[in-house]
Amino acid sequence: MTLEGQVPGVQYSLLRRSSRLPVGRAGELLFDRIHEAVDAIPAEFRTALRNRERGAFELELPGARISGAHAAGGAEIVYSRLSGKYVAAAFLRHLLCNALRPQAGRLLTFEPAPAIWRFEPWTTEAARERLGEVINLYRRGLTGPLPFFSRSSWSFLQNGDLGKAARAFYTPDKYFASFDDYDDPAVRICFAPDCFEDASFVEEFAECARTLLALPEVES
């Protein structure tokens, strides 16, 4: 049984009886927040997510085989703003889908305002070729850290400005509650604040960003 089409009071009652919500006022407030978030999702997205079919797939690439479950439909939701980590994950799913059949991919974000982003269809040949490049990067990453970062890599792909990318990576005088890639403890272990001054680092940084990311276009 699903909650689709039920009035909010019935939805709350069913969720409460199934112990999926806290007891009392806390549960009511949580339900209200969830209901408001779901209500903000465009109807076409809810339909696409509800109706998409999952099926097993297997891809044969030069030197690699990829198998798993594939959800057709190309609709994903991120309850945040667009950033490198979300785009990389959505783009990888998009490549896998297009390696099977050319199709558009769509990503819904909620900050600073709801927006729908679209990845254009790729030919199966182009998608398979890019997946091969992603796999090569993955294998390199098994032997050493790759310079791919959520903020600076995304900044670089958007405008190609290494200065802005370097500031997104490390900003010594950033204001309170502002974050950069260097705030991540794992990044601090593997990379130095001045790494963008190293030409070999910059070359590998640009390669990772251009391989693992793509620029979606905003639909609305």
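A distance-only check finds a donor-acceptor pair linking the side chain of T171 to the backbone of R167 [under 3.5 Å]. The main-chain N or O of P216 is never found under 3.5 Å from a side-chain atom of R118 such that the two would form a donor-acceptor pair. Side chain of D180 to main chain of D183: a donor-acceptor pair is present (N/O by atom type, distance under 3.5 Å, no hydrogens or angles). A donor-acceptor pair under 3.5 Å links the side-chain atoms of D181 to the main chain of R151, judged by distance alone.
The same ILVMFWY cluster, assembled from side-chain heavy atoms under 4.5 Å apart, contains both L215 and L212. Hydrophobic clustering places L61 together with L95 (ILVMFWY residues linked when any side-chain heavy atoms are closer than 4.5 Å, directly or through intermediates). Hydrophobic clustering (side-chain heavy atoms under 4.5 Å, transitive across Ile, Leu, Val, Met, Phe, Trp, Tyr) groups V218 together with L107.
Taking the ring centroids of F191 and Y182, they lie at or beyond the 6.0 Å cut-off.
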Can you give me every donor-acceptor pair (side chain of residues 82-91, partner residue at least two apart or in another chain, under 3.5 Å) with its distance?
none

E133/R130 under salt bridge (charged side-chain N to carboxylate O under 4.0 Å, His left out): CA gap, chis, key distance, verdict: CA-CA 5 Å; E133 296 171 3; R130 178 62 69 88; 3.5 Å; yes
Evaluate the criterion side-chain contact (heavy atoms from CB on, under 4.5 Å) for residue pair F205 and L162; output intermediate values, then yes/no. CA-CA 10 Å; F205 168 81; L162 281 171; 4.3 Å; yes
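In this structure, A99 and L59 approach most closely via the heavy-atom pair CB-CD1, 3.7 Å.
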